[in-house]
Amino acid sequence: MSQDNSILCALDIKDNNMRNVSVKDATIKNRGIIKHIKIVSADLTYKLYRCPQCGLNSLVKNGKRKTNARLASFNGIEYHLVLNKQRYLCKNCGSTCGAHSDLLIKNHTMTKQVQNRIFAMARESFTLTSMAKIIGVSVNRTLYDNIKLPNRCNVLPENLCFDEFRSVNGIFTFIAIDAQTHHLIELIHDRLSKTVTEHFINNYSLSERQAVKTVSIDLNANYQSVVHRIFPNAQIIVDRFHIVQLCSRALDQVRISCLKKINDKQSRIYKALKSNWRLYHLPEADVDDKKVKYIFGINEYTTTQSVIDIATDSLPIFKNAYDVYQGIQKAMHEHNISLLEETIYGYKKNNTAMDTSISTLRKNLNYVRNSCTMSYSNGPLEGTIGKIKKLKHISYGFKNLDHFLKRIRLICA
């Protein structure tokens with residue numbers, strides 16, 4: 001009895017009804033390849049008195065039935081479970097029944113151990129091919145047939161994050177998560193305003209939607225109208241990263257336009273703008289004005305602040321764009337509304353790319369203010385989308401959108 005328990009414990013089988021457990025080596029031939037496996041033999045029996053059909057105490061033992069199931073491997077070798085299941089015959093109604101173990105899955109040749117291993121590997125973004133090679137069974141039907149895409153979440157959270165990602169055949173799929181717990185809330189096949197609006201209105205009551213307080217989005221104008229229609233009481237928060245990114249791209253465009261106007265390609269100004277562009281994106285607090293080091297590009301020993309001053313002192317247009325970028329970045333970092341409004345309203349147009357960025361921020365100033373006053377952002381959602389992109393890259397893309405969404409549900413579980 002102690003030997004049986006030791007073997008069952010080593011194989012992680014928690015069924016006290018298995019008796020006479022033994023393990024032996026065997027070889028099988030699969031598609032012309034000879035494989036060495038382990039066969040675990042056991043008897044499954046327990047006392048059963050009442051018939052499941054008629055309910056009378058008229059059962060008698062009626063031989064045994066042999067079944068073969070796959071166990072999960074812990075050392076890379078296949079383990080097959082050969083189980084002799086006790087059969088019973090009802091003397092009253094003539095029906096038969098047999099002993100059953102929670103380890104087995106009805107009408108399947110794999111155990112719950114293998115099924116759980118498949119789901120665990122799918123959560124780690126393993127491909128179907130790699131899972132099949134490691135486990136030794138086909139995982140396609142097991143993985144996709146046992147997952148159903150829900151129409152709605154159980155409870156709609158008060159704070160949401162909205163975004164989209166490229167899924168299958170160039171389609172953009174809508175995604176929403178809980179801004180506090182970062183749990184996946186919704187996956188909608190496309191990002192069209194009509195589809196997103198109808199999904200939330202049809203699956204959530206008005207009282208549930210009125211309870212939503214904030215929705216974090218990027219600078220997508222379509223989502224603003226969608227949020228107002230679906231969640232009448234929600235405040236929109238424009239993601240801080242996208243605000244800084246908008247001004248960062250405008251700063252780069254101004255820098256490139258200034259480069260094109262410089263005729264002397266060997267000048268210090270040109271080299272400072274061309275080779276050391278990353279320095280202009282550093283926050284002012286991180287710019288070192290004391291430590292002298294060798295700066296590649298201009299090939300001089302100087303400070304980081306001196307390199308920045310080379311361009312800003314000689315090019316007023318670039319200095320204006322640089323000061324605006326630094327003001328927006330500092331206001332977002334310190335949650336300083338007064339500095340944000342001063343930077344946006346104090347800007348004067350000079351026919352550069354920064355004009356468009358500031359104009360966009362002025363149109364969305366109420367939502368941009370919320371970015372400073374509230375702590376929520378789309379950062380957690382961007383991390384989730386990063387996991388999705390990793391899954392898509394490892395799997396070399398997906399052809400079936402439903403399969404892709406089911407795999408996303410697994411990695412976000």
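Nothing fancy with the numbering, it's 1 onward along the sequence.
Side-chain N or O atoms of Ser101 include one that pairs as donor or acceptor with a backbone N or O of Leu103 at under 3.5 Å. In this structure, Asn276 contributes its side chain and Leu279 its backbone to no donor-acceptor pair below 3.5 Å. For the pair Ser225 (side chain) and Asn222 (backbone), a donor-acceptor distance under 3.5 Å is present. Side chain of Asn68 to backbone of Val82: no donor-acceptor contact under 3.5 angstrom is found. Here the side chain of Tyr325 pairs no donor or acceptor atom with the backbone of Met354 at under 3.5 angstrom.
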Counting only pairs under 3.5 Å, give me each side-chain donor-acceptor contact of residues 162-180, with atom names and distances, residues two or more places apart or in other chains.
{"residue": "Glu164", "atom": "OE1", "partner": "Tyr223", "partner atom": "OH", "Å": "2.6"}
{"residue": "Ser167", "atom": "OG", "partner": "Ile171", "partner atom": "O", "Å": "3.0"}
{"residue": "Ser167", "atom": "OG", "partner": "Thr173", "partner atom": "OG1", "Å": "2.7"}
{"residue": "Thr173", "atom": "OG1", "partner": "His189", "partner atom": "O", "Å": "3.2"}
{"residue": "Asp178", "atom": "OD1", "partner": "Gln180", "partner atom": "N", "Å": "3.0"}
{"residue": "Asp178", "atom": "OD2", "partner": "Thr181", "partner atom": "OG1", "Å": "3.0"}
{"residue": "Gln180", "atom": "NE2", "partner": "Tyr376", "partner atom": "OH", "Å": "3.0"}

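Residue-environment remark: CZ (Arg249) stays at or below the threshold of 12 foreign heavy atoms within 6.0 Å. Taking a 6.0 Å sphere around CG of Leu410, one finds it holds more than 12 heavy atoms contributed by other residues, nucleotides or ligands.
With rounding to the nearest 0.5 Å, the separation of CD1 in Ile147 from NZ in Lys406 is 7.0 Å. Atoms OG and CD1, from Ser267 and Ile298 in turn, are 11.5 Å apart once rounded to the nearest 0.5 Å.
Between the side chains of Asn151 and Asn203, no donor N or O sits under 3.5 Å from an acceptor N or O. Judged by distance alone, the side chains of His281 and Asp252 do bring a donor and an acceptor atom under 3.5 Å apart.
Qualifying side-chain hydrogen bond (donor to acceptor under 3.5 Å, both in side chains) partners for Thr304, counting only residues two or more places apart in sequence or in other chains: none.
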